[in-house]
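We're numbering straight along the sequence, starting at 1. Heavy-atom basis, side chains included; hydrogens, waters and symmetry copies ignored. Both ligands and their constituent atoms are indexed starting at 1 by order of listing. Small disclaimer: the values here were computed from a predicted structure and weren't measured.
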Amino acid sequence: MGLKLMCVVAHPDDECYAFGGALALAADRGVETYVVCLTDGQAATNRGDASSADALGKMRRDEFSASCKVLGVSHHELLDYQDGQLEFVNFSLAAGRLVERIRRYKPDVVITFGGDGGPNTHPDHMMVSMLTTAAFHWAGQAKRYRDAGALFKTKRLYYVTANFHLPDRPPAVPMPWTVNLDIRAVRERKIEAFRQHVSQAPLLEKTKEIFERYGAEEFYTLVAAAEPQAARLTTNLFDGLE
Ligand SMILES: [Zn+2]
């Protein structure tokens, strides 16, 4: 059986600008990939030509699909939470929806944001980190969510992190990385995926310099692993699993 990677994000475009390198590299090596996005991004600053929040949400759902296609994502799904409101959701119910998906999909590796919320410290990103962390552990525990499918223990959980601060924002407090991922082979595809988010074109323009400077790598931190071990620096999310 081939390896499976699951990526949990908050907004359409997170999958490409934050995780696009890891997703495209995984696809290239035959790893099946599944991206779950919790909101349709209706609260975005950049709104394209959308006349209403609903219209923007619809547009961003389509952009998310197009971006996932460029990244070679095997399955993608967008849930129905409100953009900007994840800190107010019922934690247990929302984590339960992720538990159900982990048990059904059976990923070897899960990737998501860290507790810092990424370089832009978005509270939705922090909440995705916390919900996914809970779901990662609870999916393998018999006492949790008895009606959400057969238990499944994912082998590894990684948080995405960064080696830079955004120039125009209060600095995040990022996690030290344990994986330095060379994404030069898929760098163009990552940018091409970002271009699918037509409504977010001003964001792509604004972050262009950052990606030119730092875009050859993505950084991840191993935060949970099936085997007890010391943290060590690697260059591959799947080493030892193949
Ligand atoms: Zn986001």
**Q** Measure from the side-chain N and O atoms of K153 to the backbone N and O of A226, and report whether any donor-acceptor pair falls under 3.5 Å.
**A** no

**Q** Give a yes or no on whether D14 keeps an N, O or S atom under 2.8 Å from the Zn ion (ligand 1).
**A** yes

**Q** Restricting to N, O or S, what is the name of the atom of H11 that lies nearest the Zn ion (ligand 1)?
**A** ND1

**Q** Measure centre to centre between the rings of H197 and Y17, then say whether the value is under 6.0 Å.
**A** no

**Q** Considering non-hydrogen atoms only, spot the tightest contact between H122 and D124 and give its length.
**A** ND1-N, 2.9 Å

**Q** Would you say H122 reaches the Zn ion (ligand 1) with an N/O/S atom under 2.8 Å?
**A** no

**Q** Check whether the side chains of R156 and Y220 place a donor and an acceptor atom closer than 3.5 Å, and report yes or no.
**A** no

